[in-house]
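One structure is given here, and the rest of the page talks about it.
Numbering of residues begins at 1 and proceeds along the displayed sequence.
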Amino acid sequence: MKALRSVFLGCGSYLPEKALTNQQLTEIVDTSDEWIVQRTGIKNRHIAAEGEFTSHLAVKAAKAALENAGVDAQDIDLIVLATSTPDNTFPATAVAVQAELGINHGFAFDVQAVCSGFVYAVTTADAYLRGGLAKRALVIGAETFSRILDWEDRTTCVLFGDGAGAVVMEAQEGEASAETSGVLTCHLRSDGRHKEKLYVDGGPSTTGTAGHLRMQGKEVFKHAVGMVTDVIEAAFDATGTTAEDLDWFVPHQANQRIIDASAKKLGIAPEKVVKTVSEHGNTSAASIPLALDSIVKAGKVKKGDLIMLEAMGGGFTWGSVLLKW
C-alpha cells in the first residue's frame, strides 16, 4: 500500500455583513472601548443577520475555498465541519452544506471541540485521507456564537463574533516531508476536569434549550498559555523543527494577550504571528481558517512555507497541526 499525505490545496472565508464595534457595544452593556481593547485586543466583530445560519456561513466559506483551490464541489467526497453552534440538534450541519453544494456522494459530519474544533477537524480529515477512506476533503470551521451569548453579561458578549473559514485537503502519494507539502504532524489533547471554566449552560439532554455561554475568564487565561505551548512543543519534537523554522504561526484568535504570551514563550518572532482578533473577535472554530485565509488572500503564503496552527477551547480541548503549504 502506497503512503499517502494530506495536502492543503486552498482556503476561503466568509464574515457576515453586519459589524458590531466596541462603541456600539457600549450602547448594549456597561463597557468601554478602552476596557475591551486593553484586555482582549478586540475592536470589532461580525454578527450573523436574522435568518442567516451557521450552514449559510459555512457554504459561502466552502465555495470560496473551492474556488481558491481550483476544485469542483463534485470532487469532494468528505466534509468535516467544526462547530459548536449547529443549525439543528441533528442532523449534522455538514450534511446541510453537502446538500447546498449539490454533493450527493461521499460522507459529511460535524466535529464539536469548541474553539479547538478546526484543529480537531483537520486532524480528523488528515486521518481519513491518509487512511484511503477519502480523496478530497472540505474542512470547515463555522460559528454563529452570537446566538448563544448572554447580551447582558459584559464579560463574555464583548468577546465573540460570527464567521466561517474553510480549506480543501487532498490525499497525495508520498509522505509529507521537508521536500513535499502536506500535514506533518497533529497533536490533540483534552481534560474534562475543566468543563466549568468554559461551557454553555444548556443542551437538549439537560435543559431542552440552547443555553448561554459561561466563562471564568481568569481561569481560562491561566491555563491557556501552558496548554498551547505543550502541543506546539510536541509538534516540534515530532518533526525535529524549531520556532525559528516556522514561516507562519496561526493561533486561535481568542485574546491578543494569550497570543502574544504564547509566541513569546515559544520564541516565535512577532512578524510570523498572524493576528485577526482585533477585527473578528473570537469566532471559535472559525478563527484559525479565517486567520489563515487572511494571509493567503494577501499573497503572503508561498509554497513550502511551514505553518503552525494551534487552538484551545472549552472542555478543555487543545491541539496543534504543523503543515507545509
Criterion side chain to side chain contact (heavy atoms under 4.5 Å, CB included) on V122 and M169, from CA distance to verdict: CA-CA 9 Å; V122 167; M169 297 171 65; 4.1 Å; yes
If every non-hydrogen atom of D191 is compared with every non-hydrogen atom of W318, which pair is closest and at what distance? N-CZ3, 3.8 Å
Candidate pair S177 and T180, rule side chain to side chain contact (heavy atoms under 4.5 Å, CB included), full reasoning: CA-CA 5 Å; S177 67; T180 61; 3.3 Å; yes
Surrounding CD of Q24 (heavy atoms of other residues, nucleotides or ligands, distance under 6.0 Å), is the total greater than 12? yes
Test side-chain hydrogen bond (donor to acceptor under 3.5 Å, both in side chains) on T144 and S146; report intermediate values, then the result. CA-CA 5 Å; T144 48; S146 61; 5.8 Å; no
Counting only heavy atoms not in E196 (residues, nucleotides, ligands), do more than 12 fall under 6.0 Å from its CD? yes
Residues E310 and P251: closest non-hydrogen pair is OE2-CB, 2.8 Å
Short N-O contact, D305 and K302, less than 4.0 angstrom: yes
Atom CD of E271: over 12 foreign heavy atoms under 6.0 Å: yes
Yes or no on side chain to side chain contact (heavy atoms under 4.5 Å, CB included) for E233 and L266, after CA distance, side-chain angles and deciding distance? CA-CA 8 Å; E233 288 172 349; L266 289 158; 3.9 Å; yes
For A171 and A134 the tightest heavy-atom approach is CB-O, 4.1 Å
Between T21 and N44, does the side-chain hydrogen bond (donor to acceptor under 3.5 Å, both in side chains) criterion hold? Intermediate values first, please. CA-CA 4 Å; T21 66; N44 186 53; 5.6 Å; no
Side chain proximity check, R189 to S116, heavy atoms < 4.5 angstrom: no
ILVMFWY network linking L290 to I259, side-chain heavy atoms under 4.5 angstrom: no
Step by step, work out the side-chain hydrogen bond (donor to acceptor under 3.5 Å, both in side chains) result for T54 and H56. CA-CA 5 Å; T54 294; H56 299 147; over 6 Å; no
Assess whether side chain to side chain contact (heavy atoms under 4.5 Å, CB included) is satisfied between V225 and K265, documenting all intermediate values. CA-CA 8 Å; V225 176; K265 184 175 180 180; 3.9 Å; yes
Are more than 12 heavy atoms, taken from residues, nucleotides or ligands other than Q216, located less than 6.0 Å from that residue's CD atom? yes
Would you find more than 12 non-hydrogen atoms of other residues, nucleotides or ligands less than 6.0 Å from K272 atom NZ? yes
If you measure from the Lys or Arg side-chain nitrogens to the Asp or Glu carboxylate oxygens, is any gap between K135 and D75 under 4.0 Å? no
Single-linkage hydrophobic cluster, 4.5 Å side-chain cutoff, I258 and V277 together: no
Does the side chain of D87 come under 3.5 Å of the side chain of S55 through a donor N or O and an acceptor N or O? yes
Flag for H252-S287: side-chain donor and acceptor within less than 3.5 Å: yes
What distance do L188 atom CG and S320 atom OG have between them, rounded to the nearest 0.5 Å? 8.0 Å
Are S84 and Q112 close enough that a side-chain donor and a side-chain acceptor fall under 3.5 Å? yes
M312 side chain near T317 side chain, heavy-atom distance below 4.5 Å: no
NZ/NE/NH1/NH2 to OD/OE distance under 4.0 Å, D126 and R130: yes
Can you find a heavy atom in the side chain of I36 that is under 4.5 Å from one in the side chain of L25? yes
Which heavy atom of D110 sits nearest a heavy atom of P86, and at what distance? OD2-CB, 4.3 Å
Heavy-atom check, side chain of W248 versus side chain of K300, under 4.5 Å: yes
Closest approach of F109 and L78, non-hydrogen atoms and distance? CE2-CD1, 3.8 Å
Establish, from distance only, whether the side-chain atoms of E143 and S284 form a donor-acceptor pair under 3.5 Å. yes
Please report whether the ring centroid of F316 lies less than 6.0 Å from that of Y199. no
Test S181 against K303 for side-chain hydrogen bond (donor to acceptor under 3.5 Å, both in side chains), laying out the working first. CA-CA 8 Å; S181 299; K303 186 174 176 59; 3.2 Å; yes
Do D77 and H105 make a side-chain contact, defined as non-hydrogen atoms from C-beta onward lying under 4.5 Å apart? yes
Do L322 and L246 have side chains that get closer than 4.5 Å, going by heavy atoms? yes
Is any side-chain N of the basic residue among K18 and D162 closer than 4.0 Å to the acidic one's carboxylate O? no
Specify the closest pair of heavy atoms between I47 and P16, including all atoms of both residues, with the distance to one decimal. O-CB, 3.4 Å
Under a single-linkage definition using a 4.5 Å side-chain heavy-atom cutoff for Ile, Leu, Val, Met, Phe, Trp and Tyr, are I79 and F118 assigned to the same hydrophobic cluster? no
Please say whether the positively charged group of R45, taken as NZ for Lys or CZ for Arg, lies over the ring of F160, i.e. under 6.0 angstrom from the six-membered ring centre and within 45 degrees of the axis. no
Using a strict 4.0 Å threshold on nitrogen-to-oxygen distance, state whether R136 and E170 make a salt bridge. yes
